[in-house]
Amino acid sequence: MNTFSAPKGTYDLLPPQSADFLAVREAISAPLRRAGYGYVETPGFEQVELFARGVGESTDIVTKEMYTLTTRGGDELALRPEGTASVLRAALQGSLHRGALPVKLWYSGSYYRYERPQAGRYRHFSQVGAEALGAEDPALDAELIVLAADAYRTLGLREFTLLLNSLGDRECRPVYRAALQDFLRNLDLDEETRARIEINPLRVLDDKRESVQLQLADAPLIRDHLCEGCKSYHEQVRELLTAAGVEYRDDPRLVRGLDYYTRTTFEFVHGGLGSQSAIGGGGRYDGLAEMIGGPALPSVGWALGVDRTVLALRAEGVELPAGETTEVYAVPLGEEARRSLFSVVTELRRAGVAADFAYGGKGMKNAMKSANRSGARYALVLGERDLAENVVQLKDLESGEQTAVALDSAVGQVLTKLR
RNA sequence: GUGGAUGUAGCUCAGUCGGUAGAGCACCUGGUUGUGGUCCAGGAUGUCGCGGGUUCAAGUCCCGUCAUUCACCCCA
């Protein structure tokens, strides 16, 4: 038995399932690259303060879910719990915001949160994200949402819903916040929730407990408190989405767990994951750059959960196309054959053919079994008899037909057969 | 942090009333001296999560513990 196992809440990605993850990352990122988003990669850890100020001191992410550490030099660091704060920090540090705006960036990586593991919730998880920095334009919000929805569709995902809301801006949100607090303070709630009313009242709307939801029926909604600017901005985003054929559902209660969101807020939810239904989400964060010490830089972005998207695809029974499969499998018999065939395989690979080789000195029978399992269409069999005649046996594994071809024309023959 | 469920072969699981373990799949060997997928024959594999208790006897009953898992909370 293994002495070690992956830490709680983590898992290893192994073949063949790992191919699904690569396919999901590719399907999400390819459209971003085509839409002018450049690749950005930031460290796996940052100063704790960046997340505390960026994500929000009052959020669960910062107060109880970060993996923090103190270096020998005394720096307080945290494994990144999300991507936006890091990417914005990197863009500011690299002065990208001094060039043409918006700056459009995409990224893919691992994130860490210390939470109780559960279906679709891991301590180490994988996201692909996109951020568009430095422009206040409803079309930019719409662009990102359309790119995400289209990526899901391309993967074959069907049963997801896009929830849309506006959280207002620094002008109208405080007014709403106060109105909501007045309402919430009169409800019958537990101590922890009462505390939340004072720190982050909007998040109370997100409570799933029925006893809480029943009391929230008449809660004031942000949409009735939006200022003219926010109202018109949100309306434009909605129109652009509709024009693009992207379906959405207005959800006036949609709140996100990160404090930096303003105006447009959205979440993609899927019913097949158990209780963790969000497969992706994001929104506009016009004040974040200033919160982490930069200039005003209105921005919008999202992150899609790779693990959760894979779970959603499995829940819908979507089969992703398999990745690279072996086309030709080489079976050598004996030392001399091994040397010759190895060169053939190398040449095939250099010519772009997916070729594999029976390593480990297997017997004929075993080697053929491996050839079969590799999924290869053709096998190349080389033994002493063939060497004596300077030929190699080219076998079609589907039909079982086998023909001898000249050893030095083998690569060409295989290429002709395959193409 | 709170609550529920489950831990038996590599995987999925069965195991009756307590009598020291079984199936399917996968794997290996042979049937075939140099030919796979099908078929046939044979084979290997277990700290029954761990520790303790009850008992003549524990995979089975009791207690503890660890792990996994689901839900709350929170979020991707």
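Just so we're on the same page: letters track the sequence lines, and every chain starts at 1. Keep in mind it's a predicted model, so treat the numbers as computed, not measured.
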Taking distance alone, no hydrogens or angles, what donor-acceptor pairs closer than 3.5 Å link side-chain atoms of residues 342-356 of chain A to residues at least two apart or in another chain?
from	atom 1	to	atom 2	distance (Å)
A:S343	OG	A:R339	O	3.0
A:T346	OG1	A:F342	O	2.9
A:R349	NE	A:A355	O	3.0
A:R349	NH2	A:A355	O	2.9

If you measure from the ring centre of A:Y111 to the centre of the six-membered ring in the base of B:A76, is it under 5.5 Å, with the planes under 30° apart?
no
Is a donor-acceptor pair below 3.5 Å formed from side chain A:R308 to base B:C75, judging by atom type as modelled?
yes
Atom-pair distance (CG on A:N200; P on B:C73), nearest Å:
15 Å
How is A:R196 classified with respect to the nucleic acid when contacts are heavy atoms under 4.0 Å: base, sugar-phosphate, or nothing?
sugar-phosphate
Between B:U55 and B:G10, how far apart are the two P atoms, rounded to whole Å?
34 Å
So, A:F160 versus A:H270, ring centres under 6.0 angstrom or not?
no
Please tabulate, for the side chains in residues 142-156 of chain A, all donor-acceptor contacts under 3.5 angstrom to protein atoms that are two or more places apart in sequence or on a different chain.
from	atom 1	to	atom 2	distance (Å)
A:E143	OE1	A:K104	NZ	3.4
A:E143	OE2	A:Y37	OH	2.6
A:E143	OE2	A:K104	NZ	2.8
A:Y152	OH	A:I279	O	3.1
A:T154	OG1	A:D150	O	2.7

Can you find a donor-acceptor N/O pair under 3.5 angstrom joining the side chain of A:Q118 to the base of B:C73?
yes
Minimal non-hydrogen separation, A:F51 against A:M66, with atom names:
CB-SD, 3.7 Å
Can I get a per-line list of side-chain donor-acceptor pairs under 3.5 Å for residues 402-419 of chain A, giving both atom names and the distance, sequence neighbours left out?
from	atom 1	to	atom 2	distance (Å)
A:Q402	NE2	A:Q393	OE1	3.2
A:S409	OG	A:A406	O	3.1
A:T416	OG1	A:G412	O	2.6

Output yes when A:E398 and A:R377 qualify as a salt bridge under the 4.0 Å nitrogen-oxygen rule, no when they do not.
yes
I'd like to know if the side chain of A:R25 pairs up with that of A:S126 as donor and acceptor (distance under 3.5 Å, no hydrogens or angles considered).
yes
Reference residue A:V269; test side-chain contact (heavy atoms from CB on, under 4.5 Å); the match among A:D251, A:L162, A:L254, A:L163:
A:L163
Sequence neighbours excluded, the answer for side-chain hydrogen bond (donor to acceptor under 3.5 Å, both in side chains) partners of A:Q47 is none
Once you measure the plane-to-plane angle for A:F268 and A:F266, does it fall in the parallel (<30°), tilted (30-60°) or perpendicular (>60°) bin?
perpendicular
Step through the shown structure and confirm whether more than 12 heavy atoms of other residues, nucleotides or ligands are within 6.0 Å of CZ on A:F183.
yes
Atom pairs, protein N/O to nucleotides 1-9 of chain B N/O, distance under 3.5 Å:
from	atom 1	to	atom 2	distance (Å)
B:U2	O4	A:R116	NH1	2.3

Distance, nearest 0.5 Å, that separates CG of A:L273 from CG of A:D307:
10.5 Å
Could you work out the separation of B:U38 and B:C25 based on their P atoms and round it to a whole Å?
11 Å
Can you check the distance between B:U54 and B:C62, where both ends of the measurement are the C1' atom (answer in whole Å)?
7 Å
Would you measure the distance from the P atom in B:U65 across to the matching atom in B:U29 and give it in whole Å?
47 Å
What is the distance, rounded to the nearest whole Å, between atom OH of A:Y11 and atom C1' of B:U69?
16 Å
Whole Å only: how far is the CG atom of A:L304 from the P atom of B:C75?
17 Å
Give every donor-acceptor pair under 3.5 Å between a side-chain atom in residues 282-293 of chain A and any protein atom, sequence neighbours left out.
from	atom 1	to	atom 2	distance (Å)
A:R284	NE	A:D141	OD1	3.2
A:R284	NE	A:D141	OD2	3.0
A:R284	NE	A:Y233	OH	3.0
A:R284	NH1	A:A135	O	3.3
A:R284	NH1	A:D286	OD1	2.8
A:R284	NH2	A:A135	O	3.2
A:R284	NH2	A:D141	OD1	2.8
A:R284	NH2	A:Y233	OH	3.1
A:Y285	OH	A:E131	OE1	2.5
A:D286	OD1	A:S299	N	3.3
A:E290	OE1	A:R170	NH2	3.4

Please output the side-chain donor-acceptor pairs of residues 363-372 of chain A that fall under 3.5 Å, not counting sequence neighbours, one pair per line with the distance.
from	atom 1	to	atom 2	distance (Å)
A:S370	OG	A:K362	NZ	3.0
A:S370	OG	A:N366	O	3.1

Expressed in angstrom and rounded to an integer, what is the separation of A:Q127 atom CD from B:C75 atom P?
13 Å
Between CZ on residue A:F125 and CD on residue A:Q276, distance to nearest 0.5 Å:
11.0 Å
Protein heavy-atom contacts under 4.0 Å, written 5' to 3' over nucleotides 32-41 of chain B as B (base), S (sugar-phosphate only) or - (none), form the string --BBBB----
Would you measure the distance from the P atom in B:C63 across to the matching atom in B:A5 and give it in whole Å?
12 Å
On the nucleotide B:C74, are OP1 or OP2 found under 4.0 Å from the side-chain N or O atoms that A:K64 carries?
no
Show me the dot-bracket string of RNA chain B, counting Watson-Crick or G-U pairs under 3.5 Å, with | for pairs to another strand and [ ] for crossing ones.
(((((((..((((.....[..)))).(((((.......))))).....(((((..]....))))))))))))....
Same-atom distance (C1') from B:U33 to B:C39, integer angstrom:
22 Å
Please give the distance between the C1' atoms of B:U45 and B:U8 as a whole number of Å.
13 Å
With sugar-phosphate meaning primed atoms plus P, OP1 and OP2, does A:G120 contact a base, only sugar-phosphate, or nothing at under 4.0 Å between heavy atoms?
base
Under a 4.0 Å N-O cut-off, is there an ion pair linking A:R223 with A:D250?
no
Comparing nearest nucleotides in RNA chain B, the 5'-proximal residue of the pair A:P7, A:G281 is A:P7
Please state how far atom OH in A:Y107 lies from atom C1' in B:A76, giving the value in whole angstrom units.
10 Å
A:A119 near the nucleic acid: base, sugar-phosphate alone, or nothing, with a heavy-atom cut-off under 4.0 Å?
sugar-phosphate
Could you state the CD1-C1' distance from A:I28 to B:A76, rounded to the nearest angstrom?
10 Å
Take atom CZ of A:R113 and atom P of B:C74, then tell me their distance rounded to the nearest Å.
13 Å
Whole angstroms only, please: what is the CD-C1' distance between A:Q17 and B:C11?
12 Å
Whether A:R113 and A:D60 form a salt bridge (side-chain N of Lys/Arg under 4.0 Å from carboxylate O of Asp/Glu) is what I want to check.
no
My understanding is that only residues two or more places apart in sequence, or in another chain, count here; which of them pass side-chain hydrogen bond (donor to acceptor under 3.5 Å, both in side chains) with A:S29?
A:R33
Name the nucleic acid region contacted by A:Y122, choosing base, sugar-phosphate or nothing; use a 4.0 angstrom heavy-atom cut-off, strictly under.
base
Suppose you measure atom C1' in B:U6 against the same atom in B:C13; what distance do you get, rounded to whole Å?
13 Å
In residues 403-412 of chain A, what residues come within less than 4.0 Å of RNA chain B, judged by heavy atoms?
none
Residues touching RNA chain B, which here means a heavy atom under 4.0 Å, drawn from residues 34-52 of chain A:
none
